[in-house]
Structure formats: C-alpha cells, structure tokens
Chemist: 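One structure is given below, represented as structure tokens, and several questions about it will come after.
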Amino acid sequence: MSKLWTLLTHLHSAAGPIMMLLYPLYASVVAIESPSKEDDEQWLAYWILYSFLTLTEIVLQPLLEWMPIWYTLKLLLVSWLVLPQFRGAAFIYQKFVREKIRKYAIIKDRKSATGKGKIK
C-alpha cells in the first residue's frame, strides 16, 4: 500500500507542472502556428490568468501554507482553464477580465489614440 501511495504522490506532484506549464506551452505554440484567432485568445487568456494566479499565490503564501488542499484546488482550477473541452480561460477573460479592463480604461480606445478615429 505504501508503494501505491508513493506512486500517487509522485503523479500528483508531476501533474501540476504538466498541466500548468508543459501542455499550455505546447498548445500556445500550436495556436501561434494555426491560422485561427480563436485558439490564440484561449492561450493568451490562460497566460494572463495563470500570471495573476501566481502573483496572488506569492502574496497569499503564508495563508495558503495552512490549506493542505490548496495545490489540489489549484490543479483542478488550472485544468478547467486549460482543457479544450471547457475553454475556461477564454470564458473567464470574456466574462470578467474584459469588463474590468473596459470599466477602468486600462486599455485606451484605439480611436482616441490616433485622434482621427482610424488606425494607421
């Protein structure tokens, strides 16, 4: 039983880097090389959300150390963001992040940037 538990522990530890970094890196390269813009949006949104999650983890590290299931919860969240069946990253970006960017005018309207209403 202890060998099985050790194996499961190692698989659980390896699942994070694979799901959070290796697969998204591979999928991002594939998205860049494809003519479709839809997959580009998914992976740009993923990297934005993953960066935000990582920064939040850094700030909240003392609190998260007291939550033994944090890594598993993070793995489940990132799996939902990454897996193409769910397209969670694009969903979160469209429903929440894009609204905040527009509300707080983080990205200026392209028309006002040129002064003439057209992009050159």
Side-chain angles (χ1 to χ4, degrees):
M1 182 67 178
S2 67
K3 290 183 180 183
L4 177 63
W5 185 254
T6 303
L7 175 65
L8 291 175
T9 302
H10 288 304
L11 287 174
H12 186 260
S13 298
I18 291 168
M19 186 62 73
M20 294 179 211
L21 295 171
L22 290 178
Y23 177 70
L25 284 170
Y26 167 76
S28 296
V29 170
V30 170
I32 288 173
E33 297 301 324
S34 76
S36 171
K37 295 283 185 187
E38 189 174 310
D39 53 358
D40 295 352
E41 179 182 348
Q42 161 67 17
W43 293 110
L44 284 171
Y46 171 77
W47 290 113
I48 291 167
L49 294 171
Y50 182 75
S51 298
F52 180 74
L53 180 62
T54 302
L55 289 172
T56 303
E57 261 188 318
I58 290 169
V59 171
L60 299 178
Q61 183 179 5
L63 178 65
L64 295 174
E65 287 175 356
W66 289 93
M67 294 176 58
I69 64 167
W70 168 246
Y71 184 77
T72 303
L73 292 175
K74 179 182 173 185
L75 184 58
L76 289 173
L77 172 66
V78 170
S79 298
W80 180 74
L81 293 174
V82 166
L83 291 174
Q85 297 89 339
F86 303 114
R87 293 185 39 83
F91 174 79
I92 294 290
Y93 185 81
Q94 290 171 358
K95 295 292 181 187
F96 302 105
V97 177
R98 183 178 284 157
E99 289 178 14
K100 296 297 180 194
I101 288 172
R102 289 181 178 167
K103 181 177 179 181
Y104 296 108
I106 294 172
I107 299 175
K108 300 290 184 195
D109 185 16
R110 292 183 197 176
K111 292 179 183 176
S112 64
T114 61
K116 296 180 181 178
K118 292 185 179 179
I119 300 173
K120 293 183 181 182

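Because only heavy atoms are used, hydrogens play no part in the values below, and waters and symmetry mates are left out as well, while side chains stay in.
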Chemist: Flag the pair W80 / L76 as yes when at least one side-chain heavy-atom distance between them is below 4.5 Å, and no otherwise.
Modeler: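 Not in contact.
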Chemist: For L55, look at atom CG and say whether over 12 heavy atoms of other residues, nucleotides or ligands are found less than 6.0 Å away.
Modeler: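 Enclosed.
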Chemist: Check the pair K37 / D40 against side chain to side chain contact (heavy atoms under 4.5 Å, CB included), numbers first and verdict last.
Modeler: CA-CA 5 Å; K37 295 283 185 187; D40 295 352; 4.0 Å; yes
Chemist: Measure from the side-chain N and O atoms of Q42 to the backbone N and O of L81, and report whether any donor-acceptor pair falls under 3.5 Å.
Modeler: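 It does hold such a pair.
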Chemist: Hey, are the side chains of I32 and W43 touching, using non-hydrogen atoms and a 4.5 Å cut-off?
Modeler: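 No, their side chains stay 4.5 Å or more apart.
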Chemist: Is it true that, when you exclude E65 itself, more than 12 heavy atoms of the residues, nucleotides or ligands shown sit nearer than 6.0 Å to its CD?
Modeler: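 Enclosed: over 12 neighbouring heavy atoms sit under 6.0 Å from CD of E65.
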Chemist: Taking atom OH of Y71 as the centre, report whether more than 12 heavy atoms of other residues, nucleotides or ligands fall under 6.0 Å from it.
Modeler: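 More than 12 within 6.0 Å, yes.
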Chemist: Which pair of non-hydrogen atoms, one from A45 and one from A89, has the smallest distance, and what is that distance?
Modeler: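 Answer, listing the atom of A45 first, then A89: CB-O, 3.5 Å.
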Chemist: Please report the closest heavy-atom contact between S34 and D39, naming both atoms and the distance.
Modeler: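 What the structure gives for the nearest pair is OG-OD2, 2.6 Å.
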Chemist: Under a 4.5 Å cut-off applied to non-hydrogen side-chain atoms, are Y50 and P24 in contact?
Modeler: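 The answer is no, as the side chains (C-beta and beyond) never meet within the 4.5 Å cut-off.
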Chemist: Does any part of the side chain of I101, heavy atoms only, come nearer than 4.5 Å to the side chain of Y93, both counted from C-beta?
Modeler: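 Yes; the side chains approach each other to less than 4.5 Å.
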Chemist: Where the side chain of Y46 meets the backbone of M20, is there a donor-acceptor pair that is under 3.5 Å apart?
Modeler: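 Checked: pair present.
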Chemist: With a 4.5 Å heavy-atom cut-off, do R98 and R102 have their side chains touching?
Modeler: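 Contact flag for R98/R102 side chains = yes.
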